[in-house]
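Since the structure comes first, as structure tokens, the remarks are kept for the end.
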Amino acid sequence: MNLAWAFLETPIGLLRVEASAAGLTRVHLAGAPQNEAEGPGWAHVTRFLDFAERYFAGEPVGYAGALDLSGATPQQAALWRYVQSIPYGRTQSYAQVGRALGLHPRAVGAGMRAVPWLLAVPAHRVIHADGRVGGFAGMEGVKAWLLAFEGVNPA
DNA sequence: CGCTCGCACATGG
DNA sequence: CCATGTGCGAGCG
């Protein structure tokens, strides 16, 4: 697959944004920057960069561009699409998401773990039913930072 | 109250 | 096969 990518310095670290012609394929924290690569998905990359810059500037925006779901299972696709609809500054528990989609709470956690896109799919807005932040692929600090940044009560 | 245990689902290593 | 980004109910101090 011919991919395009770019890097963006943000308050939570260096972000690497990657996309195919179908949409974003990955958004994650990278150690060191590499050369950018334009390709079929470049438009998706720039669209995300625009969103990210506004997000970190404090605007209550959400990424509404395309995501490349070619590698996702049906459950993941449904779950991620649902999570993408959770509005800025709001949170929902794993159980709530599970009830909305007919999935076991634990299955929701499993699905969230596999989210390939930081920010594009606001996985950080899904927390424990009792208010605890929960895990975040080994980066709980990032999750807590994002929630605080959006003005969510620390709990 | 607070802590532990067991169970249920889906995914990735 | 096993350990997760969980929730809920039960049991025990």
Side-chain angles (χ1 to χ4, degrees), chain A residues 1-5 7-32 34 41 44-45 48-49 51-52 54-56 58-155:
Chain A
M1 194 182 295
N2 201 351
L3 301 173
W5 63 80
F7 291 80
L8 177 68
E9 196 59 60
T10 75
I12 58 174
L14 184 64
L15 222 52
R16 183 187 135 96
V17 186
E18 181 189 273
S20 69
L24 288 181
T25 50
R26 261 195 114 182
V27 175
H28 62 115
L29 291 176
Q34 300 160 19
H44 295 119
V45 172
F48 179 84
L49 292 177
F51 148 74
R54 296 205 296 163
Y55 176 87
F56 286 113
E59 290 184 48
V61 292
Y63 175 74
L67 298 175
D68 185 341
L69 295 169
S70 59
T73 65
Q75 303 235 34
Q76 290 176 328
L79 176 61
W80 297 342
R81 198 175 37 142
Y82 177 85
V83 172
Q84 218 178 355
S85 76
I86 298 177
Y88 182 98
R90 301 273 310 232
T91 60
Q92 222 165 111
S93 72
Y94 292 88
Q96 274 176 66
V97 175
R99 278 195 295 275
L101 298 171
L103 288 174
H104 186 103
R106 186 103 188 242
V108 173
M112 300 308 291
R113 241 183 332 179
V115 170
W117 316 277
L118 193 58
L119 299 171
V121 170
H124 59 277
R125 295 186 194 138
V126 181
I127 61 180
H128 277 258
D130 61 16
R132 277 145 58 223
V133 173
F136 199 59
M139 309 180 295
E140 276 198 27
V142 172
K143 185 172 185 176
W145 189 94
L146 292 172
L147 291 172
F149 184 67
E150 295 184 13
V152 176
N153 298 325

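Scope of the values below: all heavy atoms of this structure, side chains included, with no hydrogens, waters or symmetry mates. In what follows, chains are A, B, ... by sequence order, proteins preceding strands, each numbered from 1.
Rounded to a whole Å, the CE atom of A:Met112 is 19 Å from the C1' atom of C:dA3. Computed from coordinates, the A:His124 NE2 to C:dG5 P distance equals 18 Å when rounded to whole Å. We find that CZ of A:Arg99 is positioned 16 Å from P of C:dT6, with the value rounded to whole Å. Separating the CD atom of A:Glu140 from the P atom of C:dT4 is a distance of 13 Å, rounded to the nearest angstrom. A:Tyr94 places its OH atom 17 Å from the P atom of B:dA10, with the value rounded to the nearest Å. Rounding to whole angstrom units, CG of residue A:Asp130 and C1' of B:dC1 are separated by 15 Å. Atoms CG (A:Leu147) and C1' (C:dG5) sit 12 Å apart, rounded to a whole Å. Note: CD1 (A:Ile127) to C1' (C:dT6) measures 12 Å, nearest angstrom.
Comparing atom distances between the A:His104 side chain and each of B:dA8, C:dG7, B:dA10 picks out B:dA8 as nearest. Taking every side-chain heavy atom of A:Ser93 into account, C:dG7 is the closest of B:dC9, C:dG7, B:dT11. Picking from C:dG7, C:dT4, B:dT11 the nucleotide with the shortest atom distance to the side chain of A:Ala95 gives C:dG7.
The structure places OG1 of A:Thr91 at 10.0 Å from NE2 of A:His124, a figure rounded to the nearest 0.5 Å.
In this structure a side-chain-to-backbone donor-acceptor pair under 3.5 Å is missing from A:Arg54 to A:Val61. Side-chain atoms of A:Gln84 never come within 3.5 Å of backbone atoms of A:Gly62 as a donor-acceptor pair (strictly under, hydrogens ignored). Listed for the A:Trp117 side chain is a donor-acceptor partner under 3.5 Å among the backbone atoms of A:Leu24.
Taking a cutoff of 4.0 Å between a charged side-chain nitrogen and a carboxylate oxygen, A:Glu18 and A:Arg26 do not qualify as a salt bridge.
Centroid-to-centroid, the aromatic rings of A:Tyr88 and A:Tyr55 come within less than 6.0 Å.
Map A:Ala114 and A:Val108 each onto its nearest nucleotide of DNA chain B; the residue landing nearer the 5' end is A:Val108.
For residues 81-103 of chain A, no residue pair satisfies the salt bridge (Lys or Arg N to Asp or Glu O under 4.0 Å) rule, not counting sequence neighbours.
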Next on the checklist: Could you spell out the base pairing of DNA chain C as a dot-bracket line? Use Watson-Crick and G-U wobble contacts where both distances are under 3.5 Å, [ ] for crossing pairs, | for partners on a different strand.
Outcome noted: ||||.||||||||

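A:Thr73 has no side-chain polar atom (N or O) that falls below the 4.0 Å cut-off from OP1 or OP2 of B:dA10.
Among the atoms of the strands shown, only primed sugar atoms or phosphate atoms (P, OP1, OP2) are found under 4.0 Å from some heavy atom of A:Gln76. Contacts of A:Ala137 with the nucleic acid, taken as non-hydrogen atoms under 4.0 Å apart, include base atoms.
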